[in-house]
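Working notes, beginning with the structure itself.
Note that this is a predicted model, so its numbers are computed, not measured.
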Protein chains: 2
Amino acid sequence: MTTAPAAGTAERILDVAERLVQTRGYNGFSYADVAAELGITKPSLHYHFASKAELGEALIARYHTRFSAALEAIDAAGGDPGIRLRRYASLYADVLDNQRMCLCGMLAADLETLPGRMQDAVVRFFDSSETWLAAVLDEGKASGALRGDGPSHDQAQMVLSTLEGAMLVARSYHDTERFRAVARRLVSSLLAEPHTG
Amino acid sequence: MTTAPAAGTAERILDVAERLVQTRGYNGFSYADVAAELGITKPSLHYHFASKAELGEALIARYHTRFSAALEAIDAAGGDPGIRLRRYASLYADVLDNQRMCLCGMLAADLETLPGRMQDAVVRFFDSSETWLAAVLDEGKASGALRGDGPSHDQAQMVLSTLEGAMLVARSYHDTERFRAVARRLVSSLLAEPHTG
DNA sequence: GTCTATAACGAGATAGAC
DNA sequence: GTCTATCTCGTTATAGAC
């Protein structure tokens, strides 16, 4: 039994690059930025990630994996669909609390400048979120907890769009409460019983 | 009486730069891109806009002016608050039909990399939209056409966030209908009488 | 108002030593 | 696995002629 090992270089590169993409965008950071922060040189980065495109793909893959794990944790924790939606929104709020934009929301803005494989990976992330949301919404309708106005997949697109947009705008104001207010309003609009406040 | 003059060089620079920012982001285009498209040289661009920051400020100023004029046109055309909200959403849909993101939505993603004056101008654009939206929502509540669940300013933040996010996501799918579906759902949620479909 | 020429810097990437 | 040294190209920006 050993102490937990420090994260390997590749992981630390991903940590720094992830934060830089989430705050500055794909075209707003460089290998030099990452290298300087880690106290290594640019060629060392290229040893771990041969190209910026490769690094970008690894970023999305890790983010997607972690996000999917968080969704599984929400399912495993149980609770009614309303609670699950609130916890889903909390995942976004946690990101914003770290002064970051959703990685894939940020990359969606940069999409036209990204390598094709990164573009595809961003869309797959959105697909994944929408599929999970639609399942929760379906379950909520079956139990009577959620309103059934329109197809769940359409509602799921609404939820994803609203949360991504609320992050984008709230970050501009450096105001996470602005995000939370929109998220609360969004979830309330999906509940079977209209809420006040 | 003369024929309409062709747009001056400065306007044509703004036209090209605007499209590039809306599609590629502030850090995804260069003076060389604009110069090549207009068939002039980079130093000629610097004659009209001494720095990229100056060009960026001019882009936001013109966009804001045009957007405000569009809002005044919506007010001047009359119609109930529901119609006005639909026309507001149509302004965004028109942008997306040109395969573009909202200029300030795109710049919101790039915000941390922008000069301070550009950051302030982006936030002022959002403020301006929210103020107009809140006024329409207030009017709608007074006439009974719109639901009054919560302060109009909170609802306005919800509308702005949802439309910006829907643009961002829909553009990733190259699917403007995805945007329109979210916009319809959003406006319906604000109407006094619940709609189906 | 537009040009040629160039400065000064940063980008992504590679060769090859250790 | 990390380094030094270097390459090539693109970036914003300026000087000065026309």
Side-chain angles (χ1 to χ4, degrees), chain A residues 5-60 106-107 109-119 121, chain B residues 5-60 106-107 109-119 121:
Chain A
T9 302
E11 285 294 312
R12 282 183 294 151
I13 292 169
L14 289 171
D15 290 341
V16 173
E18 183 178 74
R19 195 193 72 245
L20 288 172
V21 173
Q22 288 183 269
T23 52
R24 302 178 54 87
Y26 186 73
N27 298 312
F29 88 103
S30 71
Y31 267 42
D33 296 329
V34 179
E37 190 160 336
L38 291 176
I40 60 178
T41 61
K42 287 192 289 173
S44 296
L45 291 193
H46 280 283
Y47 170 81
H48 295 281
F49 301 97
S51 68
K52 196 180 181 185
E54 207 172 289
L55 173 56
E57 288 178 50
L59 284 175
I60 303 172
M106 184 64 90
L107 292 175
D110 296 327
L111 202 78
E112 295 297 303
T113 71
L114 300 180
R117 294 167 66 98
M118 285 185 67
Q119 294 184 18
Chain B
T9 303
E11 286 294 314
R12 282 184 295 152
I13 292 169
L14 289 171
D15 291 342
V16 172
E18 184 178 73
R19 195 193 72 244
L20 289 171
V21 172
Q22 288 182 271
T23 52
R24 301 177 56 86
Y26 185 74
N27 298 313
F29 88 103
S30 72
Y31 267 42
D33 296 327
V34 180
E37 191 160 336
L38 291 176
I40 61 179
T41 61
K42 289 188 285 173
S44 296
L45 290 192
H46 281 283
Y47 171 81
H48 295 283
F49 301 98
S51 70
K52 196 179 180 183
E54 205 172 290
L55 172 58
E57 289 178 50
L59 284 174
I60 303 170
M106 184 64 90
L107 292 176
D110 297 326
L111 202 78
E112 295 297 303
T113 71
L114 300 181
R117 294 167 65 99
M118 284 185 68
Q119 294 184 18

List in chain and number order the residues that pass side chain to side chain contact (heavy atoms under 4.5 Å, CB included) with [X], two or more places apart in sequence or in another chain; answer none if no residue qualifies.
X        : answer
A:Ala50  : A:Glu54
A:His46  : A:Tyr31
A:Arg117 : A:Glu57
A:Ala36  : none

* Counting only non-hydrogen atoms, which of residues 110-118 of chain A are less than 4.0 Å from DNA chain C? ->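 Per residue number, the list is empty: none.
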* Heavy-atom contact window of chain B on DNA chain C, given 5' to 3' at under 4.0 Å ->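 Boundary nucleotides touching chain B, in 5' to 3' order, are C:dG1 to C:dA5.
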* To do: Could you provide the dot-bracket string of DNA chain D, using ( ) for intrastrand pairs, [ ] for crossing pairs and | for bases paired to another strand, with Watson-Crick or G-U pairs below 3.5 Å?
  => ||||||||||||||||||
Is the shortest side-chain heavy-atom distance between [X] and [Y] below 4.5 Å?
X        : Y        : value
A:Tyr47  : A:Thr9   : no
A:Leu14  : A:Leu55  : yes
A:Asp110 : B:Asp110 : yes
B:Arg19  : B:Phe29  : no

* Check each residue of residues 14-25 of chain A for a non-hydrogen atom within less than 4.0 Å of any atom in DNA chain D, then write out the ones that pass by number, or none. =>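 Heavy-atom contacts with DNA chain D come from no residue of residues 14-25 of chain A; none.
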For [X] against [Y], the heavy-atom pair lying closest together:
X        : Y        : result
B:Met118 : B:Ile60  : O-CD1, 3.7 Å
B:Leu111 : B:Gln119 : O-NE2, 3.1 Å
A:Leu59  : A:Glu18  : CD2-N, 3.6 Å
A:Val21  : A:Met106 : O-CG, 3.1 Å

Taking side chain to side chain donor-acceptor pair (under 3.5 Å) as the definition, give me every residue that meets it alongside [X], ordered by chain and number, with sequence neighbours left out.
X        : value
B:Thr113 : B:Asn27
A:Ser51  : none
A:Arg24  : none

I'd like a list of close polar pairs between nucleotides 12-14 of chain D and the protein, N/O only, cut-off under 3.5 Å.
from: D:dT12; atom 1: OP1; to: B:Lys52; atom 2: NZ; distance (Å): 3.2
from: D:dT12; atom 1: OP2; to: B:Tyr31; atom 2: N; distance (Å): 3.0
from: D:dT12; atom 1: O4; to: B:Lys42; atom 2: NZ; distance (Å): 3.4
from: D:dA13; atom 1: OP2; to: B:Lys52; atom 2: N; distance (Å): 2.8
from: D:dA13; atom 1: N7; to: B:His46; atom 2: NE2; distance (Å): 3.4

